[in-house]
Amino acid sequence: MGLLRSYVSGEWHTAAEDGAPLHDATTGEEVARVSSAGVDFAGALEYGRRVGGPALRELTFHQRSALLKALASHLREHREELYALSAKTGSTLGDSKFDIDGGIGVLFSYASKGKRELPNDTVYVEGGVEPLSKGGTFVAQHIATPLRGVAVQINAFNFPVWGPLEKFAPAFLAGVPSLVKPASQTAYLTARLVELIIESGILPEGSLQFVAGSVGDLLDHVTAQDLVSFTGSASTAQKLRAHPAIIRNAVRFNAEADSLNCSILGPDARPGTTEFDLYVKQLTSEMTVKAGQKCTAIRRAFVPASLLDDVAAAASARLAKVTVGNPTAEGVRMGALASLEQREEVRRSLKALLDAGSIVFGDPEKVEVVDADAERGAFLSPVLLKADPERSEPHEVEAFGPVSTLLPYTSTEQVIELAARGGGSLAGSIVSADKEFVREVVLGAAAYHGRLLVLDADDAKESTGHGSPMPQLVHGGPGRAGGGEEMGGIRGVLHHMQRTAVQGSPAVLSAVTGRWVTGAPRTESDVHPFRKSLAELKIGDSVVAGPRTVLQSDVDHFAEFTGDTFYAHTDPEAAAANPLFGGIVAHGYLVVSFAAGLFVSPEPGPVLANYGLENLRFLTPVKVDDALTVTLTAKQITPRIDQEYGEVRWDADVTNDDGDSVAKYDVLTLVSKEQP
């Protein structure tokens, strides 16, 4: 591959030096060289702010979602090429799919979430309107808008595809350009990923930049509008967090660091139970997938003291069946570590762990390999230890490879305390069918974990497992784990946006947010709003219909017709004794039905369907002989970019003869973009 190129300021950059060699983890042969010499880091950040940011902010959330989906589909067509290159990192095909398919899956997930959970607009409205005055003329609303900087994303070596994509997707959806800097050991795979993305022409120019090599003086140039996201060691995270520019400018900094994740076997999970087998299978899988080079891998395996020997024997038996070697060779289940340097780092950590325990399975200095040279390649045997849980080493030293330590416990209280001694973890798991044990451990350990998996016979078939971060869930953890959060669905998008409280009149908030706010002007005309296409309808278009008097015969018929014979609608004496009603009241759904009958425009037209009600509240009881009036107002208009129709959210307010609201809710309709 030669010298890897960076992509900055709209063009490919090749360093004017030979660069440092990057080696095939299996053969030791040189794969590529890497250097960022000559990159203008200040210029790259300015280019992202000046070119990428404005281009992204012109697009709505739905348009950005569509681009993410197109990009995911494009990359999916190139998976075989990426798999082949991934093998050079020491990854088996299964490992490569975990990384590559997982990363592409994050793009698809955020594309879907953006379309379903965000508006087809450039501003995100958060929460409800906050009334600030008695008369309703002074109100407030929280909005979120994209930061005007660049998301600097510094990634780890173990996931050269998933790592960049899981950071890029929420930043892009938020409208913030990214600058990706991968770890050098596996940068050649990320480099090819970025080449595929740039060559596709799918993304707006400036929305993605890439640096192969060191970060140079990049962080010297970050501003309060930029963000820095880091995945890697806890020690490096501490150094970056303390960078003068990050401190001086209060730059948003997110760290996802290595952590001493744990898995806890419940006392009920004895040999022969489904949960015992699940625990052993999960433990050995976490040790061997990606050769244990996962920030979420199980490092501390807590088991009841009485089951320690059983778990050790069962896990050793499974590990003995793991074939180590060339990841492309048939039958190989675990490949090499990312580099020889990484192997030596794991061996150094193992020596520290052995001060507190002993080896149950494996030999850190010797391993039989298939179709490879055990010394030229960065191979290491899976190593299972057992140790005294009261020693500090298992809770402080991480061997970032196929290594885990069995730690016995004797009570629920003890295992909760031991789990906390890791100082903060990305992920933990509890394997047990005892729901009371699970509840106690979850509530006791949650403060120290970003994610907790409860594994049992009920969810085992569909569980994604201990070590699999999901784009819908937060990925991060407190303390040693970095104290940050990534992904988490829309939470990850909002991390790249500024939340602002806007105060003003209802009319001003409606103009700013693009949503009608109670108290803002309504527009009534001779044309019923249901007769208007999406192109003709405006926020605030309204219809007032009624009144309709509720009769006793209506209440009786509704009760008989629906089968809802609750006493408040059918038994005058019992209804009179009800402190909320004091007599017969109409069914709430009768009120909603009458309202629909009042505001509907029945002839065929642009309105295609009513597909839901949201936020329904019954506010005042409706008595017999009350007269109902409904006011329906176009509240939010959301065109769908891939359909000939869009969604209209209507504010429905049903009032009685005294003008009191008896019911409030949102009506959701699908409306044609043009007149049929």
Side-chain angles (χ1 to χ4, degrees), residues 49 52-65 113-149 170-177 224-225 227 252 490-525 529 532 534-542 614-615 631-641 646-653 664-669 671 673:
R49 300 179 195 120
L56 284 175
R57 293 193 296 272
E58 285 183 1
L59 304 175
T60 68
F61 291 109
H62 286 199
Q63 289 172 323
R64 296 175 209 145
S65 296
K113 279 192 162 290
K115 182 178 178 181
R116 290 184 290 107
E117 300 179 31
L118 296 173
N120 191 13
D121 202 343
T122 57
V123 60
Y124 179 79
V125 178
E126 184 179 57
V129 174
E130 298 288 346
L132 302 177
S133 65
K134 291 183 178 180
T137 62
F138 187 48
V139 291
Q141 177 81 67
H142 288 91
I143 65 171
T145 53
L147 290 174
R148 299 299 181 99
F172 183 88
L173 189 53
V176 177
Q225 288 292 308
L227 309 94
R252 292 191 191 183
I490 300 305
R491 297 172 187 84
V493 177
L494 294 176
H495 173 72
H496 297 82
M497 307 182 78
Q498 176 61 44
R499 180 182 292 108
T500 304
V502 180
Q503 299 169 280
S505 69
V508 165
L509 287 195
S510 292
V512 169
T513 64
R515 298 184 181 190
W516 183 82
V517 174
T518 301
R522 292 187 174 97
T523 302
E524 295 183 51
S525 68
K532 297 180 180 180
L534 217 62
E536 299 164 326
L537 190 67
K538 304 297 181 185
I539 294 297
D541 283 356
S542 182
E614 289 186 356
N615 308 315
T631 302
L632 191 74
T633 307
K635 185 175 185 178
Q636 183 181 3
I637 300 172
T638 305
R640 295 188 177 179
I641 62 175
E647 174 190 305
V648 179
R649 181 180 292 265
W650 307 83
D651 178 85
D653 185 10
K664 283 180 174 287
Y665 51 98
D666 291 349
V667 178
L668 306 179
T669 62
V671 180
K673 290 181 177 178

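Computed from heavy atoms alone, side chains included, the values below leave out hydrogens, waters and symmetry copies.
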Distance in Å, [X] [atom1] paired with [Y] [atom2], rounded so as to fall on 0.5 Å steps:
X: Arg522; Y: Leu632; atom1: CZ; atom2: CG; answer: 9.5 Å
X: Arg499; Y: Tyr124; atom1: CZ; atom2: OH; answer: 9.0 Å
X: Leu509; Y: Arg515; atom1: CG; atom2: CZ; answer: 12.0 Å
X: Gln498; Y: Thr145; atom1: CD; atom2: OG1; answer: 7.0 Å
X: Lys635; Y: Thr518; atom1: NZ; atom2: OG1; answer: 6.5 Å
X: Asp666; Y: Asp651; atom1: CG; atom2: CG; answer: 6.0 Å

Ignoring hydrogens and geometry, is there a side-chain-to-backbone donor-acceptor pair from [X] to [Y] under 3.5 Å?
X: Arg252; Y: His495; value: yes
X: Ser542; Y: Thr523; value: no
X: Thr60; Y: Thr122; value: no
X: Lys673; Y: Arg640; value: yes
X: Trp516; Y: Pro521; value: yes
X: Thr669; Y: Val671; value: no
X: His62; Y: Leu118; value: yes
X: Glu536; Y: Pro529; value: no
X: Arg64; Y: Leu59; value: yes

Minimum heavy-atom distance between [X] and [Y], given as atom pair plus value:
X: His496; Y: Ala174; answer: CB-CB, 3.6 Å
X: Thr513; Y: Val123; answer: O-CG1, 4.0 Å
X: Pro639; Y: Ile637; answer: CD-O, 3.6 Å
X: Ala520; Y: Pro506; answer: N-CB, 3.4 Å
X: Pro177; Y: Gly149; answer: CD-O, 3.4 Å

So, do [X] and [Y] sit near enough that their side-chain heavy atoms are less than 4.5 Å apart?
X: Leu56; Y: Val176; value: no
X: Asn615; Y: Arg649; value: yes
X: Glu647; Y: Leu668; value: yes
X: Ser525; Y: Lys532; value: yes
X: Val129; Y: Gln141; value: yes
X: Asp121; Y: Gln636; value: no
X: Ser505; Y: Thr137; value: no
X: Arg49; Y: Gln225; value: no

For this session: Give the C-alpha distance, both sets of side-chain angles, the deciding distance and a yes or no for side chain to side chain donor-acceptor pair (under 3.5 Å) between Asn120 and Thr638.
Result: CA-CA 6 Å; Asn120 191 13; Thr638 305; over 6 Å; no
Exercise. In this structure, are over 12 heavy atoms from other groups packed under 6.0 Å from Arg57 atom CZ?
Worked result: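 Enclosed: over 12 neighbouring heavy atoms sit under 6.0 Å from CZ of Arg57.
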